[in-house]
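A quick write-up on the structure given underneath.
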Amino acid sequence: MKKEGKNFSICVNRISLIGDCITSIAVLKYMRKLYPNCYNTFSIAKKCSQSIPLFIQNPYIDRIHVNEFLENPRQEEYEFLKSHDVYAEPSIQHPKQNWQNFYSIYQENFEMLGIDSTKLNKEDMEVKLVKWFNIEKYPKTIGIFGFAGYGDLKNKRSPSFDWWKRLIKLLRDSTDYNIFQFGYQSEPSFIYSFDDYKGQERFKRFNDLELFTQIKMALGTDLCINTDSGTGLTLGAYEHPQITLLSNWNFGHVKNFISLSPNNKNNINLFKKDNINLILQEEIIESIKVLK
């Protein structure tokens with residue numbers, strides 16, 4: 001059912017990950033620019049349904065639809081897409097091999113839909129999420145989303161646990177910040193970074209909380225440290241101060257090294273080629289001083 005006054009229906013469908021859902025909002029915004037009276041449906045996969053609260057009151061989303069394309073695709077799901085005047089196919093592919101060398105993760109969405117992103121302006125790539133909820137402040141606190149890929153500790157997108165342990169010790173010894181650990185429930189606790197129990201009272205782990213609760217808590221910290229993950233892109237869409245750790249972990253990624261970073265004016269990227277563990281923990285400390 002279309003809202004009164006909205007005379008053109010558009011459905012943008014992302015069936016993969018939360019980060020893709022965040023960045024694809026730029027497409028909905030662009031469609032509203034092209035068709036001011038359009039009615040935008042945002043169709044996301046059931047596996048990403050925990051992210052739904054992030055999109056409430058978004059000015060470019062009129063309806064949120066949960067699909068089953070990844071779980072058990074049914075004909076009615078395809079019929080739902082086709083009921084719109086314009087819809088994105090559920091099987092959209094990357095525009096070209098090694099797309100990270102040419103496009104940002106925001107441009108990727110346009111390219112997959114056949115829209116030339118090089119002809120768009122910077123504002124078209126901006127994604128904003130609405131803080132429709134109350135945020136509790138946690139002064140002198142840093143939030144850490146340490147691992148990308150739903151607890152996969154071996155992927156090259158994330159520093160090793162030993163790298164994080166050294167950073168936690170450095171934060172304990174050279175700053176007066178408290179530390180909140182966020183992320184997937186199976187990730188190991190950074191409390192094992194503390195020797196002789198020194199500083200443990202400054203550490204709290206919240207990995208067992210649901211995604212939306214973790215995001216709300218993270219927004220109450222002074223800043224967050226994250227990898228190129230869906231949570232990092234989410235914090236970027238809220239323009240929360242953040243430090244993003246990057247490396248060219250994709251095979252064939254040889255240039256355009258910040259292609260996966262959040263579009264956030266309050267973000268600092270730290271990049272090391274070929275091995276994210278080469279980022280110095282001391283660089284984190286200096287970046288924190290800049291964001292203060």
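- For Thr244, the side chain to side chain donor-acceptor pair (under 3.5 Å) test picks out Asn226, Asn267, with sequence neighbours left out.
- Distance alone, capped at 3.5 Å, is enough to place a donor-acceptor pair between the Ser247 side chain and the Lys272 backbone.
- Hydrophobic clustering (ILVMFWY, side-chain heavy atoms < 4.5 Å, transitive): Phe180 and Tyr238 are in one cluster.
- Side chain of Asp228 to backbone of Leu260: no donor-acceptor contact under 3.5 angstrom is found.
- Ion pair Glu68/Lys47 not flagged as a salt bridge, since none of the NZ, NE, NH1 or NH2 atoms sits closer than 4.0 Å to an Asp/Glu carboxylate oxygen.
- Between Asn40 and Arg32, some side-chain heavy-atom pair lies under the 4.5 Å cut-off.
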Practice item. Before giving the answer on ring pair (Phe, Tyr, Trp, His ring centres under 6.0 Å), spell out for Phe42 and His65 the whole-Å C-alpha distance, their side-chain angles and the decisive distance to 0.1 Å. Key: CA-CA 6 Å; Phe42 192 42; His65 169 257; over 10 Å; no

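- Partners of Lys140 under the side-chain contact (heavy atoms from CB on, under 4.5 Å) rule, at least two apart in sequence or in another chain, are Asp176, Tyr177, Asp222.
- Distance alone, capped at 3.5 Å, places no donor-acceptor pair between the Gln214 side chain and the Leu211 backbone.
- Between Phe110 atom CZ and Leu120 atom CG the span is 5.5 Å, to the nearest 0.5 Å.
- The pair Lys29-Asp124 does not count as a salt bridge, with every side-chain nitrogen at least 4.0 angstrom from each carboxylate oxygen.
- The local environment of CG in Asp173 is crowded, with over 12 non-hydrogen atoms from other residues, nucleotides or ligands closer than 6.0 Å.
- Summarising the local packing, NZ of Lys216 is surrounded by more than 12 heavy atoms from other residues, nucleotides or ligands at distances under 6.0 Å.
- For Leu270 against Ile279, the heavy-atom pair with the smallest separation is O-CD1, 3.2 Å.
- Under the 30°/60° scheme for interplanar angles, the aromatic rings of Phe212 and Trp132 are found to lie parallel.
- The aromatic rings of Trp164 and Phe147 lie perpendicular to each other, with more than 60° between the two planes, well past the 30° mark.
- Using modelled atom types and a 3.5 Å distance limit, the side chains of Asp162 and Ser160 yield no donor-acceptor pair.
- Listed for the Asn256 side chain is a donor-acceptor partner under 3.5 Å among the backbone atoms of Tyr103.
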Contacts under 3.5 angstrom, residues 284-292 side chains, donor-acceptor by atom type, not counting sequence neighbours:
from, atom 1, to, atom 2, distance (Å)
Glu286, OE2, Lys289, NZ, 3.2
Ser287, OG, Glu283, O, 2.9

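- Proximity of a side-chain donor or acceptor of Asn58 to a complementary backbone N or O of Val130 within less than 3.5 Å is not detected.
- Expressed to the nearest 0.5 Å, how far SG of Cys21 lies from CD1 of Ile44 amounts to 5.0 Å.
- Around the CD atom of Glu123, the shell of radius 6.0 Å holds more than 12 heavy atoms that belong to other residues, nucleotides or ligands.
- Between Asp274 and Asn248, the shortest heavy-atom distance links the atoms N-OD1, 2.5 Å.
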